[in-house]
Amino acid sequence: MVEKVIIIGSGPSGYTAAIYAVRDGLAPLLIRGSLPGGQLMLTSAVENYPGFTSILGPDLMDDFYKHANNLGCRILDEDVTEVNLRTYPYKILAGKNEYKTYSIIIASGANAKWLGLANETRLLGKGISGCAVCDGVFFKNKDVIVVGGGDSAMEDASYLSRLVKSVTIIHRRKTFRASKIMQDRVLSNPKIKIIWESEIVDIMGKDRISGVKIKNLVTNNEKDMPIDGLFIAIGHSPNTELFKGQLDMDKQGYIKTHDFTSTSKEGVFAAGDVQDTIYKQAVIAAGWGSMAAIDARKFLADKKLI
Ligand code: NAP
């Protein structure tokens, strides 16, 4: 049997692609991995997804799942371990089974990079966040830290400075790598303070973050700083390992798309954070998922495969 379309990934883009493809009669197979749900599984309240004034990230993803499942989408909870785009139909290995397919929608997402500190995971969503646009509003009139020296850190610090009492950027070197215009915006903002050549070595807090220990990398001196919020902005890694050498990617490993969701291989489409280097928002990922499903249907129809 050859599948018409296999969707890899189960964040907002994967589920939305599945919902569109089922309703289009494509009988998609959604391979959602052994840890389904994507990055929203790690967030607390989501208040910027239209239609939901406030909903917990995992609950929103459960609603996405129920929507796809109720429509009759076939869903496989296995990790994809191999993809072969050198043969056609394409081949996908997931669990113990190999699947053949005429088209693929890659919606495997990206993961925010984290500092890797002991309390970081425990306090995620309890004062620690990887998304200023999503969570900034919960820190009105509070003191927050942003970690990083790239454009994301500059953008997050500038954005947060309009909401919070104070922003402190902690950066490990004495220059930012961010573009000049974004650096200038931060450097001239009186609400933003910068601690150079330093890193966070410990995070304190029982039920919520209460402070951090900061180490000066030049003097090795350490000091504690009380804090209400910690925003980690040290970059994202797209989940594209399976496609390396088979699809065109940028230097950070994001899949390159053209004509909206098309990739460098015919019949292979990419949607959501796996190809989005800028916005990284659930509602946008969902939109990309619907586009990929529509593009896959057009491809299959043009090839007279449906
Ligand atoms: P990035 O450019 O890779 O910067 C990551 C920053 O985090 C760097 O300053 C890096 O320090 C620091 N860092 C990395 N690992 C760290 C660790 N373990 N501990 C402490 N610091 C760490 O990532 P990004 O800022 O997310 O930007 C990614 C891409 O998106 C870039 O091409 C950027 O231009 C683009 N972007 C554009 C916009 C915009 O134009 N509006 C907004 C956001 C992002 P070092 O500098 O020492 O390596």
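As the structure is a computational prediction, the values presented were derived from the model and not from experiment. Counting starts at 1 for both ligands and their atoms, in listed order.
When Glu155, Arg173, His236 are checked for heavy-atom proximity to atom 41 (N) of ligand 1, Glu155 turns out nearest. Of the candidates Gly150, Gly235, Ser152, the one placing a heavy atom closest to atom 27 (O) of ligand 1 is Ser152. Of the candidates Ile234, Asp250, Leu117, it is Ile234 that places a heavy atom closest to atom 21 (N) of ligand 1.
The backbone N or O of Ser262 sits nowhere less than 3.5 Å from a side-chain atom of Asp259 that would complete a donor-acceptor pair. Counting only distance, with no hydrogens or angles, the side chain of His171 and the backbone of Thr175 share a donor-acceptor pair below 3.5 Å. Side-chain N or O atoms of Lys191 include one that pairs as donor or acceptor with a backbone N or O of Ser161 at under 3.5 Å. At least one donor-acceptor pair under 3.5 Å links the side chain of Gln246 to the backbone N or O of Val83. A donor-acceptor pair under 3.5 Å links the side-chain atoms of Asp276 to the main chain of Tyr279, judged by distance alone.
Between Phe176 and Trp196, the ring center distance clears the sub-6.0 Å criterion. Side-chain rings of Phe139 and Phe231 approach one another, their centers coming within less than 6.0 Å.
The nearest heavy-atom contact from the protein to atom 30 (O) of ligand 1 is Thr277 O, 4.0 Å. Ranking protein heavy atoms by distance to atom 2 (O) of ligand 1, first place goes to Arg177 CD, 3.5 Å. With respect to atom 40 (O) of ligand 1, the closest heavy atom belonging to the protein is Met182 SD, 4.0 Å. Taking atom 20 (C) of ligand 1 as the reference point, the nearest protein heavy-atom neighbour is Arg172 CD, 3.9 Å.
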Point to revise | Derivation of the side-chain contact (heavy atoms from CB on, under 4.5 Å) call for Glu3 and Arg74 | key: CA-CA 11 Å; Glu3 300 286 346; Arg74 288 172 303 140; 2.5 Å; yes
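The proximity of Gln252 to ligand 1, defined as any non-hydrogen pair under 4.0 Å, is limited to the side chain. Counting heavy atoms under 4.0 Å from ligand 1, residue Leu115 touches it through the side chain alone.
Annotation for ligand 1: atoms under 4.0 Å from non-hydrogen atoms of Asp151 are 25 (O), 33 (C), 34 (O), 36 (N), 37 (C), 38 (C), 42 (C), 43 (C), 44 (C). For ligand 1 and His171, the ligand atoms under 4.0 Å from any heavy atom of the residue are 9 (O), 11 (O), 45 (P), 46 (O), 47 (O).
Remark: ligand 1 and Gly149 share an N or O pair separated by less than 3.5 Å (distance only, no angle test).
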